[in-house]
Amino acid sequence: MTVKERLEALRILMKEKGVDAYLVPTDDFHGSEYVGDYFKCRKYITGFTGSAGTAVIMKDMAGLWTDGRYFIQAADQLKGSTIELFKSGEPGVPTVHEFLKEKLEQKMCLGFDGRTVSAKEAEELQQLLGEKDISFSVDDDLIGEIWKDRPALSCEPVMELDVKWAGETRADKIAKIREQMKAKNADVFVLTSLDDIAWLLNIRGNDIHCCPVVLSYLIMTDTELRLYANVSAFAQKICENLEADGVKIYPYNEVYSYVQAIPSGSRILLSKSGVNSRLVSNIPADAVILDEVNLTLLPKAVKNSTEMENERFAHIKDGVAVTKFIHWLKTNVAKETITELSAAEKLYQFRSEQEHFLGDSFDPIIAYGTHAAIVHYSATKETDIPLEAKGMVLADTGGHYLEGTTDITRTIVLGPVSDKEKKYFTAVLRGNLNLAAAKFKYGCTGLNFDYLARGPLWELGEDYNHGTGHGVGYLLNVHEGPNGFRWKNIPDYPAPILEEGMLTSDEPGYYLEGEFGIRHENLVLCRKAEKTSFGQFMRFETLTMVPFDLEGIDPKQMSDHERKLLNDYHRKVYETITPYLNEDEKEWLKQATREI
């Protein structure tokens with residue numbers, strides 16, 4: 001069916017069910033950023049393939065809300081669909097909730113699948129729409145009823161992560177979480193975010209593309225730990241190992257029955273912003289819900305010493321692969337046909353040559369020319385174009401290794417570039433270097449540093465429409481909270497103090513629609529510096545080991561300090577990567593990292 005036909009089928013079903021507006025978020029049952037094929041209801045009903053967005057369907061209109069990363073992509077993919085694009089965060093554009101409050105009339109019905117909307121958002125909608133006496137229909141999956149060829153729920157094999165990679169045993173992690181539960185006087189801990197569960201149990205899977213997680217829910221008390229998952233995904237030995245640590249596996253969907261039977265008056269700790277509304281609504285009304293961030297959130301984000309050391313090795317391997325790729329691309333772009341897709345395949349080949357490589361950490365973004373202005377462009381067979389020996393290509397890619405997860409962006413010069421392109425290439429690079437060089441007192445958050453990255457662009461009256469940095473998981477989600485770099489304070493997601501062991505991306509950019517796009521990204525590890533009478537000082541250690549393209553830089557725009565930062569970084573890249581290259585690659589890298 002076409003998008004128009006799907007919308008019509010949904011509207012017929014909505015009329016039968018008495019639903020006046022149907023909300024379709026991107027989320028799965030676990031609040032995941034990226035979702036498996038079974039959960040791609042928003043993509044199915046709108047045709048928009050971006051990783052973030054919410055659709056609202058009414059009898060006489062349909063709308064899609066998405067953020068600045070996807071404005072260009074969404075506008076293109078929604079053409080001819082009758083779906084209106086709402087650019088989230090832009091002046092005069094209502095939020096989804098504001099839109100619903102305005103458009104829904106007295107005693108209308110709002111529908112959504114309660115498993116895909118968080119308990120917090122459901123409560124906010126109930127409060128917002130209460131004055132209009134709006135009813136809610138949350139038990140039906142209307143998209144699922146019209147999606148006849150819907151993929152099955154994923155059930156990929158589960159692997160255990162040895163302590164030599166994880167740095168801490170599953171038993172020790174569980175014991176620490178139980179200590180936190182006791183301190184908060186909690187009887188039950190409900191954990192549904194997939195990366196937290198994988199981290200806590202030292203397991204990894206493949207139930208979401210590029211995200212090594214296992215579809216599951218977890219319930220912990222002081223005496224038992226229940227994992228609700230598809231047991232057929234677990235080898236017998238892994239089941240035995242889990243049981244030895246007190247973890248028993250139950251059928252995936254039985255978690256709803258379990259919470260219904262929680263003893264009267266129990267104190268249940270969970271995060272309403274992460275647990276779906278249907279699960280929370282099944283908890284007995286006389287239970288006490290302690291709505292707090294997951295107890296696993298901060299321990300997961302603060303990498304232990306083993307994880308930090310492993311990540312250094314992962315970034316050396318990744319640096320070798322990406323450096324080889326850049327050399328190959330620059331050498332061959334004028335000699336053979338290379339497209340966005342074939343370039344991505346070549347980079348995957350270079351990564352595959354590295355020991356313990358497990359796969360991409362996200363779908364590669366190889367965006368040439370005007371495509372690079374689309375912040376999260378991803379080439380398809382329909383959009384794939386050849387690279388030419390002119391202009392620039394943006395390559396935002398990453399890998400999963402047993403030693404950890406990587407995420408890197410390089411904007412690569414393939415041929416002649418304009419002074420304008422060099423101007424912004426250099427401004428973005430200056431921001432990257434200045435942020436990475438920050439030294440600060442303990443207690444700072446990512447809000448304190450965003451200006452360092454944006455400053456060179458703000459001085460020009462320019463900006464970029466995305467955050468400067470996000471946390472990165474250890475062989476987990478490439479986007480991991482709570483740490484990050486941004487300048488806006490978001491009340492629902494307060495920026496945490498930057499702790500030693502937090503791994504964060506440093507990725508300013510600049511995008512000019514119809515012309516070009518530039519982004520420079522390294523991963524930086526928060527480390528302790530000296531301690532003085534003024535307190536503990538902190539710094540960042542750059543883990544990414546790949547040269548920036550000197551052919552895109554205008555050194556005259558850089559201060560002496562900035563040039564020194566770049567030269568020092570390139571010296572380290574050369575010393576670190578050279579031993580793994582052949583003679584041609586070594587000679588090329590020597591020139592690519594020469595002092596300016």
Side-chain angles (χ1 to χ4, degrees), residues 316-354 357 360 363-374 377-399 406 408-422 424-426 428-429 512 514-521 544-554 570 573-574 576-594 596:
I316 292 173
K317 294 179 179 184
D318 208 59
V320 171
V322 179
T323 299
K324 284 175 171 284
F325 167 74
I326 295 174
H327 168 259
W328 168 83
L329 185 60
K330 282 178 165 285
T331 302
N332 292 284
V333 69
K335 300 176 183 177
E336 61 184 87
T337 300
I338 302 172
T339 72
E340 293 168 327
L341 287 177
S342 69
E345 291 170 359
K346 188 68 174 182
L347 178 50
Y348 189 91
Q349 176 187 321
F350 282 121
R351 283 195 167 109
S352 298
E353 295 169 359
Q354 301 300 315
F357 175 69
D360 289 333
D363 282 327
I365 298 170
I366 306 289
Y368 177 60
T370 59
H371 282 172
I374 305 171
Y377 168 81
S378 188
T380 65
K381 290 181 180 179
E382 293 73 30
T383 66
D384 189 28
I385 57 175
L387 310 185
E388 301 177 45
K390 63 179 181 180
M392 303 178 294
V393 61
L394 187 154
D396 186 350
T397 67
T406 69
I408 172 178
T409 308
R410 287 295 181 268
T411 304
I412 305 162
V413 176
L414 299 180
V417 290
S418 67
D419 290 343
K420 181 180 182 181
E421 288 169 315
K422 282 192 173 185
Y424 291 110
F425 188 106
T426 308
V428 174
L429 178 60
L512 196 57
E515 294 193 38
F516 59 84
I518 296 162
R519 187 160 62 252
H520 302 308
E521 177 187 17
T544 307
M545 288 288 115
V546 177
F548 293 106
D549 198 328
L550 295 179
E551 294 181 72
I553 297 172
D554 178 5
H570 274 167
V573 168
Y574 181 77
T576 303
I577 300 301
T578 299
Y580 306 96
L581 304 180
N582 63 36
E583 291 305 316
D584 286 344
E585 292 164 341
K586 287 179 182 178
E587 187 57 35
W588 173 82
L589 184 60
K590 184 176 182 180
Q591 288 301 309
T593 57
R594 66 188 183 276
I596 63 167

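Qualifying ring-ring contact (aromatic ring centres under 6.0 Å, His included) partners for Phe516, counting only residues two or more places apart in sequence or in other chains: none. Residues passing the side chain to side chain contact (heavy atoms under 4.5 Å, CB included) test with Ala334 are Ala389, sequence neighbours excluded. In this structure, the side chain to side chain contact (heavy atoms under 4.5 Å, CB included) partners of Asn582, at least two apart in sequence or on a different chain, are Asp584, Glu585.
The two residues Gly552 and Thr426 make their nearest non-hydrogen contact at O-OG1, 3.8 Å. Residue Pro364 comes nearest to Ser378 through the heavy atom pair O-OG, 3.9 Å, listed as atom of the first residue, atom of the second, then distance. The shortest non-hydrogen separation linking Leu394 to Ala372 is CB-CB, 3.9 Å. Across all non-hydrogen atoms, the minimal contact from Thr397 to Leu347 is OG1-CD2, 3.4 Å. Closest non-hydrogen pair, Leu387 versus Ala343, comes out as CD1-CB, 4.3 Å. Of all heavy-atom pairs spanning Arg594 and Gln591, the tightest one is NH1-O, 2.6 Å.
Under 4.0 Å is where a charged nitrogen must lie from a carboxylate oxygen, and between Lys324 and Glu353 no such pair does. Between Glu583 and Lys586 a salt bridge is recorded (basic side-chain N to carboxylate O distance below 4.0 Å). Electrostatic pairing of Glu521 and Arg519 does not count as a salt bridge here, judged by no charged N lying under 4.0 Å from a carboxylate O.
Evaluated for a side chain to side chain contact (heavy atoms under 4.5 Å, CB included) with Phe548, the options Val428, Thr411, Ile412, Leu429 yield exactly one hit, Leu429.
To the nearest 0.5 Å, atom CD of residue Glu345 and atom OG of residue Ser352 are 11.0 Å apart. The CZ atom of Arg351 sits 5.0 Å away from atom OG1 of Thr406, with the distance rounded to the nearest 0.5 Å. Atom OG1 in Thr383 sits 15.0 Å away from atom OH in Tyr368 (nearest 0.5 Å). Here CD1 of Ile385 is found 10.5 Å from CG of Leu341. Values are rounded to the nearest 0.5 Å. A distance of 5.5 Å separates CD1 of Ile338 from CG of Leu329, quoted to the nearest 0.5 Å. Expressed to the nearest 0.5 Å, how far OG1 of Thr339 lies from CD1 of Ile366 amounts to 10.0 Å.
The shortest side-chain heavy-atom distance between Met392 and Val417 falls under the 4.5 Å cut-off. Between Lys330 and Ile326, some side-chain heavy-atom pair lies under the 4.5 Å cut-off. The shortest side-chain heavy-atom distance between His570 and Ile596 does not fall under the 4.5 Å cut-off. Side-chain contact check for Val320 versus Thr323: every heavy-atom pair is 4.5 Å or farther apart.
In this structure, Lys420 forms no cation-pi arrangement with Tyr424, as its terminal cationic atom is not both closer than 6.0 Å to the ring centre and no more than 45° off the ring axis.
Ring geometry for His520 versus Phe425: interplanar angle over 60°, hence perpendicular rather than tilted (30 to 60°).
Under a 3.5 Å cut-off, the side chain of Arg410 and the backbone N or O of Pro547 do form a donor-acceptor pair. In this structure, the side chain of His371 does not engage the main chain of Asp384 through any donor-acceptor pair within 3.5 Å. Asp396 contributes no side-chain N or O that, together with a main-chain N or O of Ile365, makes up a donor-acceptor pair within less than 3.5 Å.
For an aromatic pair to be called close, the ring centres must be under 6.0 Å apart, and Tyr348 with Phe357 satisfies this.
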Q: Start with the C-alpha gap between Tyr580 and Ile316, add the side-chain angles, then the distance that decides, and say whether side chain to side chain contact (heavy atoms under 4.5 Å, CB included) holds.
A: CA-CA 10 Å; Tyr580 306 96; Ile316 292 173; 3.8 Å; yes

